[in-house]
Amino acid sequence: MSPSTIAAIDLARAIPKAELHVHVEGTLEPELIFQLAGRNGVTLPYDDVEALRKAYAFTDLQSFLDIYYAGASVLLKEQDFYDMAMAYLRCAHADRVVHAEIFFDPQTHTARGVPMQIVIEGLHRACVDAGQELGISAVLILCFLRHLSEDDALATLEAALPWRDRFIGIGLDSSEFGHPPEKFARVFARARELGLRLVAHAGEEGPPAYIRQALDVLQVERIDHGVRSIEEPALVARLASERMPLTVCPLSNLKLKGVQDLARHPLRKLLQAGVCVTINSDDPAYFDGYVTENYAQTIEALKLTPEEVVQIARNSFEASFVDEAQRQQWLDQLQSVVTKFEE
Ligand SMILES: Nc1ncnc2[nH]cnc12
Ligand SMILES: [Zn+2]
């Protein structure tokens with residue numbers, strides 16, 4: 001490794017950053033899955049942690065989602081949701097994440113008979129406690145499963161409204177092919193009326209047209225993934241001129257075969273084109289790496305410079321849904337760490 005790459009990785013470990021694309025159900029480590037299964041009397045189709053980990057050999061997004069939904073079946077009680085979120089927040093804190101905007105998939109749980117209240121209160125309590133114990137800031141974004149109907153999403157949003165103050169926005173995730181953003185136009189319009197922040201997965205596996213739909217029909221404020229924008233130079237130029245953030249998840253793209261090799265990941269090209277690119281972990285328990293590992297492997301593969309690493313971390317605060325004063329405070333902290341490194 002070159003001295004510049006080593007310096008960039010050291011810097012990535014040390015600087016404060018925001019994580020804007022992490023599914024809390026994707027932070028469930030195999031050890032915790034087995035612990036919760038034991039506690040709740042759930043039988044898993046795997047003998048032990050090692051057998052479960054062996055099953056994490058994905059060929060595409062759907063092959064991952066099948067295992068991810070099976071893993072979430074151990075979550076039944078409020079304490080389960082709390083323990084999962086708290087475990088993630090401890091890892092994020094160790095990675096110098098000072099602010100996390102965390103996705104959760106209520107339909108995965110309500111469809112199994114788990115009440116909405118149990119899901120939201122467990123996750124919210126973890127966000128509050130982690131704030132007090134670790135000083136990390138954490139907020140929730142409610143995601144709709146796009147393989148289900150828009151009517152199901154509308155009913156889910158209404159069912160969550162008694163806890164409207166417990167989440168800051170909505171997102172769209174799950175199987176992308178065949179479920180274009182425009183399928184969810186009404187539920188995003190309703191969320192916009194409610195003053196919720198709007199994000200959507202687009203251009204992970206799906207075509208660049210899905211990214212354009214997310215922007216024009218759903219009017220999202222960030223695109224989750226968005227890596228297939230690289231196929232349309234005019235779309236990349238638009239993302240750059242609008243400073244539309246992309247929450248990129250390099251290890252996820254590698255493990256789900258969106259890219260064959262991290263060295264061929266479009267992240268650096270997007271950054272050089274002026275796009276507000278951020279680095280995130282997506283489902284760290286399944287893709288072998290929390291956010292700093294995503295930074296480190298991307299830095300090494302793409303030979304990112306220390307300046308580019310700082311730009312990506314700055315972007316994470318620019319793209320976050322925090323108020324201006326808080327954003328400036330974290331940007332100042334980031335700058336002071338960078339200054340120390342330069343000394
Ligand atoms: N990478 C991903 N894409 C779509 N939906 C998801 N849910 C959890 N991880 C996801
Ligand atoms: Zn995702």
Side-chain angles (χ1 to χ4, degrees), residues 18-27 61 64-65 68-69 72 81 85 88 99-111 116 119-120 123-124 127 138-150 152-161 163-164 166-176 179-206 210-211 213-227 244-249 252 256 276 278 280-284 291 316 319-322:
E19 172 144 68
L20 307 176
H21 184 161
V22 58
H23 302 262
V24 74
E25 295 88 351
T27 71
L61 175 57
F64 154 69
L65 290 170
Y68 161 88
Y69 295 128
F81 290 91
Y88 161 68
H99 176 68
E101 302 189 356
I102 305 172
F103 297 148
F104 68 109
D105 290 339
Q107 289 155 298
T108 300
H109 314 298
T110 53
M116 182 69 80
V119 179
I120 296 183
L123 298 177
H124 175 70
C127 292
V139 294
L140 299 171
I141 294 179
L142 183 160
C143 286
F144 303 116
L145 299 180
R146 69 202 302 159
H147 67 272
L148 301 178
S149 70
E150 188 184 38
D152 205 308
L154 280 161
T156 300
L157 179 57
E158 294 308 316
L161 287 185
W163 300 277
R164 164 68 184 84
R166 302 288 201 235
F167 55 99
I168 63 156
I170 59 148
L172 186 63
D173 62 6
S174 190
S175 325
E176 192 176 9
H179 304 287
E182 65 186 7
K183 177 178 160 187
F184 295 91
R186 286 180 304 147
V187 72
F188 272 69
R190 170 85 178 117
R192 200 176 322 117
E193 273 170 19
L194 290 164
L196 288 157
R197 311 306 297 255
L198 310 178
V199 301
H201 283 53
E204 177 185 15
E205 279 190 346
Y210 283 19
I211 300 173
Q213 272 182 29
L215 297 173
D216 296 330
V217 181
L218 304 187
Q219 297 181 32
V220 296
E221 300 167 84
R222 287 198 303 248
I223 296 283
D224 296 315
H225 294 292
V227 284
M244 175 58 60
L246 299 187
T247 62
V248 177
C249 307
S252 167
L256 302 187
C276 181
T278 64
N280 309 271
S281 68
D282 206 5
D283 300 286
V291 69
S316 75
S320 72
F321 294 138
V322 297

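Judged by distance alone, with hydrogens and angles left aside, the side-chain atoms of R186 form no donor-acceptor pair with the main-chain N or O of L154 at under 3.5 Å. The main-chain N or O of G203 is found under 3.5 Å from a side-chain atom of E176 such that the two form a donor-acceptor pair. In this structure, E25 contributes its side chain and D105 its backbone to a donor-acceptor pair below 3.5 Å.
Here OH of Y210 is found 7.5 Å from CZ of R146. Values are rounded to the nearest 0.5 Å. Distance check, rounded to the nearest 0.5 Å: CG of L172 to CD1 of I141 gives 12.5 Å. Atom NE2 of H147 and atom NZ of K183 lie 8.5 Å apart (nearest 0.5 Å). Between the CZ atom of R166 and the CD1 atom of I120 there is a distance of 9.0 Å, given to the nearest 0.5 Å.
Counting only heavy atoms from C-beta outward, the side chains of H225 and C249 approach each other to under 4.5 Å. Contact annotation: the side chain of H201 approaches that of H21 to within less than 4.5 Å [non-hydrogen atoms, C-beta and beyond]. Side-chain contact between E204 and D282 is present, with heavy atoms from C-beta onward closer than 4.5 Å. In this structure, the side chains of V24 and F81 stay at 4.5 Å or more apart for every pair of heavy atoms. Taking 4.5 Å as the limit, every side-chain heavy atom of T278 sits out of range of all side-chain heavy atoms of L246. Using a 4.5 Å heavy-atom cutoff, the side chains of L161 and L194 are in contact.
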_F321 and R222: CA distance, side-chain angles, deciding distance, side-chain contact (heavy atoms from CB on, under 4.5 Å) verdict_ = CA-CA 10 Å; F321 294 138; R222 287 198 303 248; 3.5 Å; yes
*Residue pair Y69, S174: steps toward the side chain to side chain donor-acceptor pair (under 3.5 Å) verdict*: CA-CA 10 Å; Y69 295 128; S174 190; 2.8 Å; yes
*asked:* The test is side-chain contact (heavy atoms from CB on, under 4.5 Å); show your working for F167 and V139 and say whether it passes.
replied: CA-CA 7 Å; F167 55 99; V139 294; over 6 Å; no
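Contact between H99 and S320 at its shortest, heavy atoms only, is CD2-CB, 4.0 Å.
Between F188 and F184, the distance separating the two ring centers is not shorter than 6.0 angstrom.
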